[in-house]
Structure formats: C-alpha cells, structure tokens
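Notes to accompany the following structure.
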Number of protein chains: 2
Amino acid sequence: MSEIKNQTKKILQSQGIRITSQRQLILQELIKSLKPLSAAEIHRILIKQDSGIRLSTIYRNLKFFSSRGLIREFNLDRSRKEKFYEFIESHHHHLICTSCGEIKCLGCPLEDYESELAERTGYQIKDHNIKIYGLCPECQTGDI
Amino acid sequence: MSEIKNQTKKILQSQGIRITSQRQLILQELIKSLKPLSAAEIHRILIKQDSGIRLSTIYRNLKFFSSRGLIREFNLDRSRKEKFYEFIESHHHHLICTSCGEIKCLGCPLEDYESELAERTGYQIKDHNIKIYGLCPECQTGDI
DNA sequence: TTATATGCAAACTATTTGCAATGGT
DNA sequence: ACCATTGCAAATAGTTTGCATATAA
C-alpha cells in the first residue's frame, strides 16, 4: 500500500469513519493537493484514474468530512461560484491571483486582533478567514 | 421626491448610469440597509412595495453596479449559498454571528500587513476581505 | 448480517441568458 | 429615433436528495 494511501486510511480510522475506496480517494487528493480543490476538480482527477466515482458521492463526502472537521469548505467570492475544499493541517489564509486563479497559503496576522475584538464587541469569536486578492508576479506583465 | 430617492438619483447620474425606476429602487434598498442583502431579499422587499420588478433585473443590476464599483458582491462562506451585496461607503469587514446570522461591520486591521505581504510575495495586492465568525452577546446564553 | 455508503437519476436553488417589448435620453 | 434596459421564459451551474443496490464492519 502506498504511503499516502496508508496515511489516509489511518486518518479515517482514527476518526471512526467507515473506510470506503471512494472516501480514501477523495481524501488522498485533498491531502496531496497543495491548494484547495473544488468538487468538480476532484471528480475530474478521480475519473481520470479509472474510478467511476460519482459527483454526488464526492459532494456527500466533502460535506461529511467538513462536518467532522477533517476539511474546510469555503467560497472564493470572486468570479467563481463553486465551493472549494482543503484538508486542514493548520490555520491559514489565502492569497488569490485574480488573473490566473492561483491560490497561495498565508499565515495568520489576526491573532492579537481577535482578542481585542472580542473584548470590544462582546462577541465570542469562533473563527475567521481572510482572502487577499492581487496579481501574482507572472500576471503583472503589462501591468493592468 | 424623497431625500434618499434624490440621493440615489444623484449617485447614478454622477456615474453616468442610465436612470431607471428599477435601478433606483435596488440602489435605494442597498443604501438604506444597514447590512448586506441578497438578491432574493432585495426582491422580496421591492415586491412588497408594489413594484413588479423581476429577479433577473435585480441580478443584472447588481452585477452592473458591482462592475462600476458602486457596490460589493460577496459570499458568506458558511451555511448560505447565496451572494450578498452592499453599498460601498468605505473599506470594511464583517463580523457574523453563526447562530442568528447578524452581520456587524468592522474596520480594517490589515493596512500594514498588506504592504509587508506585497514585498514578501511579489504580488501586487489589489484588495482583501476578512470575515470573522462568532456568537453575538445575545446568542451566548446557554454557552454552546 | 445489518447499517451505512454508493450509484443513478431526478430535483432543487441561485443565477444567467436570449429575445421581443419598453423606456430613457 | 436609437440604443440600453426590462420582462418573461427558458437554460445553466452547482449542489442535494430519494431510492434501490452494494459494501464495510
């Protein structure tokens, strides 16, 4: 069994999640991927690898993994309407190139701000996300 | 002519945007509203006020206003799938109660961070948004 | 063996589009 | 008068659901 397949299996097991080949495939792609993927992207990848997995199965499992806190589900706000999904390794944010769509992960600049905000508003802060939009170095030629 | 209707008209005029009753109605609601609205919410409000405006007209104009920089279009990421729209008065962010859905506007804590980020990544930063999720004081009773 | 997950097809929601009619300038 | 905008209906995209079958434990 390949290294990543093994790792994926362990993760599912440790969470008490029933192991199916489809779940392993989906989670593997999210773990391998360096950037968030959409349901359709995952489907495209898995279909190429023979597996006759259905889109509905992918959606169901993405929802399921999210509810178990294994992955994070979010929108990109601009242009696209699909949701994106990523394996949660650590709290971070995204820098998105509005021209080519490339997504880069960033650390979190809000640690102090959050506690100050909680104090000021009375809110009990649970989470947050930041998306930063710009042009990546490659897309800056011609300087729009 | 009512004060706000007048103001709306002036905004459209100053932007060289053709004035129609539908555009005035849509923009008025966004200006009056203290929080972002979805297309369906705007539609519901305007239908109640007699106007037989169509959802498609609302969508078309929301897109149009966004492209002209009059309003901002964004997702809420959690739970809901619709987009939300707000009149742009100044750059700000949102604090969202995950229990009752209340949306509060916040200032921007990222001014310095952005320039540091541009330097570090080579990206030309254009914009960003932050969403912070938590429980508002009212929803904290029972402390989940 | 039994509950859970999947395949499949159909439904649903939010949004977009084509086209003829209407309305602003 | 002319072109932009609207109404209307139909299309589309992304996602969800119901039900029979297959599969993990």
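Bear in mind the structure is a predicted one, so any value in this text is a computation, not a measurement. The chains referred to below are lettered A, B, ... by the order of the sequence lines, with proteins before strands, and numbering in each begins at 1.
One atom, CG of A:L37, and another, P of D:dG14, lie 15 Å apart when rounded to the nearest Å. If you measure from atom CG of B:L46 to atom C1' of D:dG7, you get 15 Å, rounded to the nearest angstrom. Here D:dA24 presents its P atom at 10 Å from NZ of A:K9, a figure rounded to the nearest Å. Rounded to whole Å, the distance from CZ on A:R44 to C1' on D:dA13 is 13 Å. Spacing between atom NE2 of B:H43 and atom P of D:dT6 amounts to 13 Å, rounded to whole angstrom units. Atoms CZ (A:R23) and P (D:dT23) sit 15 Å apart, rounded to a whole Å.
Judged purely by atom type and a 3.5 angstrom limit, B:S33 has no side-chain atom pairing as donor or acceptor with the backbone of B:P36. Without hydrogens or angle criteria, B:Q140 side chain to B:L135 main chain gives a donor-acceptor distance under 3.5 Å. Side-chain N or O atoms of B:T121 include one that pairs as donor or acceptor with a backbone N or O of B:L117 at under 3.5 Å. The backbone N or O of B:S90 sits less than 3.5 Å from a side-chain atom of B:H92, completing a donor-acceptor pair. B:T8 places a side-chain N or O within donor-acceptor distance of the main-chain N or O of B:I4, the cut-off being under 3.5 Å. Using a distance-only test at 3.5 Å, with no hydrogens or angles considered, no donor-acceptor pair links the side chain of B:R72 to the main chain of B:Y85.
The stretch residues 101-115 of chain B participates, sequence neighbours left out, in these side chain to side chain donor-acceptor pair (under 3.5 Å) pairs: B:E114-B:H128.
The existence of a salt bridge linking A:E29 and A:K32 is confirmed by a sub-4.0 Å separation between a basic side-chain nitrogen and an acidic carboxylate oxygen.
Scanning DNA chain C 5' to 3' for nucleotides with an atom closer than 4.0 angstrom to a non-hydrogen atom of chain B gives a first and last hit of C:dA14 to C:dT25.
Mapping A:S56 and B:I17 onto DNA chain C via the closest heavy atom, the residue that lands nearer the 5' end is A:S56. Nearest-nucleotide positions on DNA chain C for B:A40 and B:S21 put B:A40 closer to the 5' end.
By the rule that hydrophobic residues join a cluster once side-chain heavy atoms approach within less than 4.5 Å of another member, B:L46 and B:I71 end up as members of one cluster. Hydrophobic clustering, with ILVMFWY side chains joined whenever heavy atoms are under 4.5 angstrom apart, groups B:I19 together with B:L70.
For A:R18 and D:dA25, a side-chain-to-base donor-acceptor distance below 3.5 Å is absent, hydrogens and geometry of angles not being considered.
Within 6.0 Å of CD in A:E119 there are 12 or fewer heavy atoms belonging to other residues, nucleotides or ligands.
In the helix from C:dT1-D:dA25 to C:dT25-D:dA1, the terminal helix axes, each the rotation mapping four pairs' C1' atoms onto the next four within five end pairs, subtend 40°, rounded to 10°.
Here the closest heavy-atom approach between residue A:Y123 and residue B:G134 is recorded as CD2-C, 4.2 Å.
B:R23 is linked by a salt bridge (Lys or Arg N to Asp or Glu O under 4.0 Å) to nothing, counting only residues two or more places apart in sequence or in another chain.
Sorted by residue number, the members of residues 57-72 of chain B with any non-hydrogen atom under 4.0 Å from DNA chain C read B:Y59, B:R60, B:K63. Using a 4.0 Å cut-off on heavy atoms, none of the residues of residues 25-33 of chain A approach DNA chain C.
Using a 4.5 Å heavy-atom threshold, the side chains of B:K131 and B:F74 count as touching.
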